[in-house]
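Right, one structure below, let's go through it.
None of the values given here were measured: they were computed from a predicted structure. Along the sequence shown, residues are numbered consecutively beginning with 1.
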Amino acid sequence: FHARGRAPPTAAIVAVTCVVQCLLGLCYCTRAGSYWLDLVDHYCGTYCLLVVVCLELLVVGYWYGFEQVVDDIDQMCGVRLPPVVRGFWFATPVITGVLVVVVFATDAGRLYSGYPTWAQLLAALSVLVPVAAIPGVAALVHFGVWVPGGRDPAPTPAADGESPGAKELSIALIDSEE
């Protein structure tokens with residue numbers, strides 16, 4: 001639609017999304033609904049959250065940059081972060097990554113609550129498909145295959161160590177204030 005200069009039909013997108021979500025939610029209305037809810041809750045509550053946290057830390061650290069985040073916090077709070085707190089920025093991705101590996105290794109050796117393997121695979125897929133979209137879209141944007149909203153492709157890290165996009169972001173923020 002954007003290539004033709006028209007906006008996508010919002011009502012159609014909302015209608016299709018609602019119908020698909022309603023159909024996906026019907027399994028929770030059956031007698032086995034509480035079992036499905038338990039399985040999906042187990043996988044979403046552990047894997048999904050941990051993986052999304054890891055990806056979020058990597059994206060913010062890579063694209064926006066650590067120093068830019070520190071400068072923003074200093075500007076908003078008026079206090080320079082102590083070195084110990086700044087050290088958490090580097091420890092958090094490592095700790096979260098270790099947690100993901102430990103949780104995967106723990107669950108790989110046993111079945112969750114005695115549910116059949118096919119049900120656990122289905123529940124795991126219900127978590128992995130949406131989570132896989134995050135790095136998938138990021139890769140498409142990074143390599144210029146897909147350009148969201150018709151903008152320029154995502155910037156790559158600058159050779160001088162400056163956060164890519166930081167200057168453009170600050171210019172955009174200044175322009176929006178005027």
Side-chain angles (χ1 to χ4, degrees), residues 1-25 27 36 39-73 88-105 107-108 118 120-176:
F1 286 99
H2 286 291
R4 292 185 237 154
R6 296 185 311 185
T10 306
I13 292 172
V14 170
V16 168
T17 302
C18 288
V19 168
V20 168
Q21 295 299 321
C22 180
L23 292 174
L24 289 174
C27 70
W36 285 113
L39 275 171
V40 171
D41 178 56
H42 170 71
Y43 285 99
C44 283
T46 53
Y47 301 121
C48 194
L49 287 176
L50 286 173
V51 169
V52 168
V53 165
C54 281
L55 293 173
E56 190 173 315
L57 289 167
L58 291 173
V59 166
V60 170
Y62 169 75
W63 190 77
Y64 197 63
F66 171 70
E67 288 302 323
Q68 184 66 36
V69 172
V70 170
D71 292 342
D72 289 346
I73 291 172
F88 290 142
W89 182 270
F90 299 103
T92 303
V94 173
I95 292 170
T96 308
V98 168
L99 281 173
V100 168
V101 170
V102 167
V103 168
F104 277 134
D107 273 358
W118 65 269
Q120 292 196 40
L121 288 174
L122 195 59
L125 278 176
S126 72
V127 172
L128 291 177
V129 169
V131 168
I134 298 170
V137 169
L140 291 175
V141 170
H142 178 73
F143 293 113
V145 176
W146 179 55
V147 180
R151 297 186 312 251
D152 292 334
T156 55
D160 60 2
E162 182 178 325
S163 167
K167 188 176 288 183
E168 291 85 358
L169 181 63
S170 62
I171 291 171
L173 290 174
I174 291 171
D175 289 343
S176 67

Tell me the closest heavy-atom pair linking [X] and [Y], and the distance in Å.
X: Val100; Y: Cys54; answer: CG2-SG, 4.1 Å
X: Thr96; Y: Leu50; answer: CG2-O, 3.7 Å
X: Val131; Y: Cys48; answer: CG2-SG, 3.5 Å

[X] [atom1] to [Y] [atom2] distance, which is reported to the nearest 0.5 Å:
X: Cys18; Y: Leu23; atom1: SG; atom2: CG; result: 11.0 Å
X: Gln120; Y: Leu125; atom1: CD; atom2: CG; result: 12.0 Å
X: Trp36; Y: Asp41; atom1: CH2; atom2: CG; result: 14.5 Å
X: Leu99; Y: Leu49; atom1: CG; atom2: CG; result: 12.0 Å
X: Leu121; Y: Leu39; atom1: CG; atom2: CG; result: 10.5 Å

(request) Could you label the plane-to-plane angle of the Tyr47 and Phe104 rings as parallel, tilted or perpendicular, counting under 30° as parallel and over 60° as perpendicular? (result)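 Judged by the thresholds at 30° and 60°, the geometry between Tyr47 and Phe104 is parallel.
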
(message) How about CD on Glu67, more than 12 heavy atoms from neighbouring residues, nucleotides or ligands closer than 6.0 Å, or not?
(response)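 It does: Glu67 CD has more than 12 such atoms within range.
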
